[in-house]
Amino acid sequence: MTMTPAAPRKSLRWRLLAGTLLWIAATLLIAGWGLGNLFQQHIESQFHAELKTHLDQLAAQITINGKNRPELAQPLSDPRFNRPYAGIYWQIDDLDNPAADPLRSRSLWDARLTVPGDRPGDGEIHRHRVAGPEGATLGMIERSIHLASPTEDRPRSFRLIVAADERLMDEPAGQFNRALWLALAVLGSGLLIAAAILVVVGLAPLDTLRVALGKVRNGDSQRLDGAFPAEITPLVEEFNSVLAQNADVIARARTHAGNLAHALKTPLSILSNAAHPRDDEFARLVADQVDTARRQIDYHLTRAQVAASHAPGTRCLVAPVIDGLLRAMRNIHAERPLDLKVRAMPDTLAFRGDTQDLQEMFGNLIDNACKWAAQRVEVHACLEGNRLVVTVDDDGRGIDAEQRDTVIRRGVRADESVPGSGLGLSIVDELAQLYEGGLTLSASPLGGLRTMLDLPGISAKTP
């Protein structure tokens, strides 16, 4: 099915999928951002905890030698301090003699850490970000300590510095974030597929309901049949109740129409019989008015019956109706050598309406063609899309183009010499209009008149 630009906005399936997609995307983005930040904080905490551990070791190992210079009693435990530019460094500055070269780890090689000019108080630890060897950015912590001097009476002050390349912290965080977003992308894809499956499965009963409604509309069923979930079952039951109630209304309407016909025709018959023995102007007036009243009753009762019968689930096959009418016409017009033919049509061709209405329309058209035909009448029916198109051709004199619209009007006859009331074609046309169709007249390939009837139709299985 072609999806127009406005269709996704009107589709429940697209709305559910779009809402689910937005919710999943928002949730995963928030989760990814939160987990990434938590891991970053954890890495930073570990990074500075490790620096503090090395700083404590440095404070524990520092001593003052006989030359009044700082030195380490034992090397620090991390072997990276002994590898040049290993990314982790320590340095001891003499605060009492700033011009003296600092004691530093072998990993610094010939470089020197430059720190801000602040001086931590006793027991304080300061953190800084400073430039390191080879253009690296270092995370640094420092503290000040005081040691007793073997050659002086006053204690000596030193700044202890431990620093590490921040890439030691950033690289694990970056690797974690890449793995995290890849995992979240896989998870999001899986959730989206699951959501799509759930939406399709969840809305599948609506497709079943649509198919069931199509069967009712096409006349394949008189009610909605099928297995539906508990949420849709009440709707199906209510709809079936409406269909059943509508069928009851139709049955009562037909009964009332028949009762009305009998109630009116009996007084008319009495009037006609009373006027029949007399041969005067009054009797002829009564007879004419009774005849007019009968035609009007037949006409309006036919319309009422059609309006009542145009209900969902009603259909009938076309071929049996045409075959039955042709047999009847051969008997009615047995005194004339008429060749009545039906061109090939599918056995599954069906009219979406009442059988009696179809017989009424076809009967009028075929009977009219038989009255005017010289020798031949042809009937053809086919399905064009969802429309049943029936043509009846005869080889008679035909009707002039300017008179074709006129003869369809009620009570108008093309030739007074041929028996009839002039209601046949008008009844057919109005019946067809009640089924949202119509009747058109044109010249026939046989030389006479072609009547074309347009009605709702389907291709249905033979009952």
Visitor: Can you confirm whether Ile141 sits close enough to His48 that some side-chain heavy atom of one is under 4.5 Å from a side-chain heavy atom of the other?
Guide: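 Of all side-chain heavy-atom pairs linking His48 with Ile141, at least one is under 4.5 Å.
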
Visitor: Test your reading of the model: is there a side-chain donor-acceptor pair from Asn364 to the backbone of Glu360, 3.5 Å cut-off?
Guide: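 Confirmed, Asn364 side chain pairs with Glu360 backbone.
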
Visitor: With sequence neighbours excluded, what pairs up with Asp56 under the salt bridge (Lys or Arg N to Asp or Glu O under 4.0 Å) test?
Guide: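 Applying salt bridge (Lys or Arg N to Asp or Glu O under 4.0 Å) to Asp56 gives Lys52, Arg143.
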
Visitor: Would you mind reporting whether Pro320 and Thr355 have side-chain heavy atoms less than 4.5 Å apart?
Guide: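 Result no, sub-4.5 Å side-chain heavy-atom pair not found.
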
Visitor: Is there a side-chain contact (heavy atoms from CB on, under 4.5 Å) between Ile161 and Trp90 once you walk through the steps?
Guide: CA-CA 5 Å; Ile161 301 170; Trp90 61 261; over 6 Å; no

Visitor: Counting C-beta onward and ignoring hydrogens, is there a side-chain heavy-atom pair between Glu142 and Pro120 closer than 4.5 Å?
Guide: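 Glu142 vs Pro120: side chains touch.
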
Visitor: Just jot down the salt bridge (Lys or Arg N to Asp or Glu O under 4.0 Å) partners of Arg330, sequence neighbours excluded, or say none.
Guide: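 Here no residue qualifies.
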
Visitor: Give me the atom names and distance for the closest heavy-atom approach of Leu326 to Leu340.
Guide: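 Taking every non-hydrogen atom into account, O-CD1, 4.0 Å.
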
Visitor: Which atoms form the tightest heavy-atom contact between Gly385 and Leu383, and what is the distance?
Guide: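 Scanning both residues, the minimum pair turns out to be O-CG, 3.5 Å.
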
Visitor: Return a table of donor-acceptor pairs under 3.5 angstrom between the side chains of residues 438-445 and protein atoms on other chains or two or more places apart.
Guide:
| unit_1 | atom_1 | unit_2 | atom_2 | d |
| --- | --- | --- | --- | --- |
| Ser444 | OG | Asp393 | OD1 | 2.9 |
| Ser444 | OG | Leu446 | N | 3.1 |

Visitor: Using the side-chain contact (heavy atoms from CB on, under 4.5 Å) rule, take Phe362 and Val428 through it: C-alpha gap first, then chi angles, then the decisive distance, then the call.
Guide: CA-CA 8 Å; Phe362 284 6; Val428 173; over 6 Å; no

Visitor: What pair of heavy atoms forms the shortest contact from Leu388 to Ala350, and how long is it?
Guide: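 Heavy atoms only, the tightest pair is CD2-O, 4.4 Å.
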
Visitor: Closest approach of Gly139 and Phe47, non-hydrogen atoms and distance?
Guide: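 What the structure gives for the nearest pair is CA-CE2, 4.0 Å.
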
Visitor: Sorted by first residue and then second, give each side-chain hydrogen bond (donor to acceptor under 3.5 Å, both in side chains) pair with at least one member in residues 166-192; sequence neighbours left out.
Guide: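 Output for this query lists Arg129-Glu166, Asp165-Arg167.
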
Visitor: Can you name the salt bridge (Lys or Arg N to Asp or Glu O under 4.0 Å) partners of Arg13, sequence neighbours left out?
Guide: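 So Arg13 forms a salt bridge (Lys or Arg N to Asp or Glu O under 4.0 Å) with Asp207.
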
Visitor: State, to 0.1 Å, how close Ala432 and Leu453 come at their nearest heavy-atom pair, and which atoms those are.
Guide: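 Nearest heavy atoms, Ala432 then Leu453: CB-CD1, 3.7 Å.
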
Visitor: Between Met452 and Val389, does the side-chain contact (heavy atoms from CB on, under 4.5 Å) criterion hold? Intermediate values first, please.
Guide: CA-CA 7 Å; Met452 180 179 294; Val389 179; 3.9 Å; yes

Visitor: Applying side-chain contact (heavy atoms from CB on, under 4.5 Å), run through Val392 and Val377 and close with a yes or a no.
Guide: CA-CA 7 Å; Val392 180; Val377 174; 4.1 Å; yes

Visitor: Extract all donor-acceptor atom pairs below 3.5 Å that involve side chains of residues 26-43 and protein atoms in other chains or at least two apart in sequence.
Guide:
| unit_1 | atom_1 | unit_2 | atom_2 | d |
| --- | --- | --- | --- | --- |
| Thr27 | OG1 | Trp23 | O | 2.8 |
| Gln40 | NE2 | Glu44 | OE2 | 3.3 |

Visitor: So does Ile88 get a backbone contact from the side chain of Ser107, meaning a donor-acceptor N/O pair under 3.5 Å?
Guide: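 Yes, the answer is positive, given that a donor and an acceptor are paired below the 3.5 Å cut-off.
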
Visitor: Atom CD of residue position Glu124 - does it have more than 12 heavy atoms of other residues, nucleotides or ligands inside 6.0 Å?
Guide: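 More than 12 heavy atoms, drawn from other residues, nucleotides or ligands, come within 6.0 Å of this atom.
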
Visitor: Within a strict 4.5 Å, meaning less than it, do heavy atoms of the Val390 and His380 side chains meet?
Guide: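 Side chain of Val390 against side chain of His380, heavy atoms only: no contact under 4.5 Å found.
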
Visitor: Should the pair Asp395-Arg376 be classified as a salt bridge under the 4.0 Å nitrogen-to-oxygen rule?
Guide: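 So Asp395 does not pair with Arg376 through a salt bridge.
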
Visitor: May I ask you to test the Leu431-Ile427 pair for a side-chain heavy-atom distance under 4.5 Å?
Guide: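 Of all side-chain heavy-atom pairs linking Ile427 with Leu431, at least one is under 4.5 Å.
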
Visitor: State whether the side chain of Arg336 and the backbone N or O of Cys370 hold a donor-acceptor pair below 3.5 Å, judged by distance alone.
Guide: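 Flag set: sc Arg336 to bb Cys370 pair under 3.5 Å.
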
Visitor: Mark yes or no for whether Asp394, through its side chain, and Gly448, through its backbone, hold a donor-acceptor pair below 3.5 Å.
Guide: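 No.
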
Visitor: For Ala131, does its backbone N or O pair with a side-chain atom of Thr137 as donor and acceptor, under 3.5 Å?
Guide: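 Absent.
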
Visitor: Looking only at heavy atoms, which two atoms of Ala212 and Phe228 are closest? And how far apart?
Guide: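 The answer is CB-CZ, 4.4 Å.
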
Visitor: Can you find a pair of side-chain heavy atoms, one from His126 and one from Met140, that are under 4.5 Å apart?
Guide: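 No; the side chains remain at least 4.5 Å from each other.
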
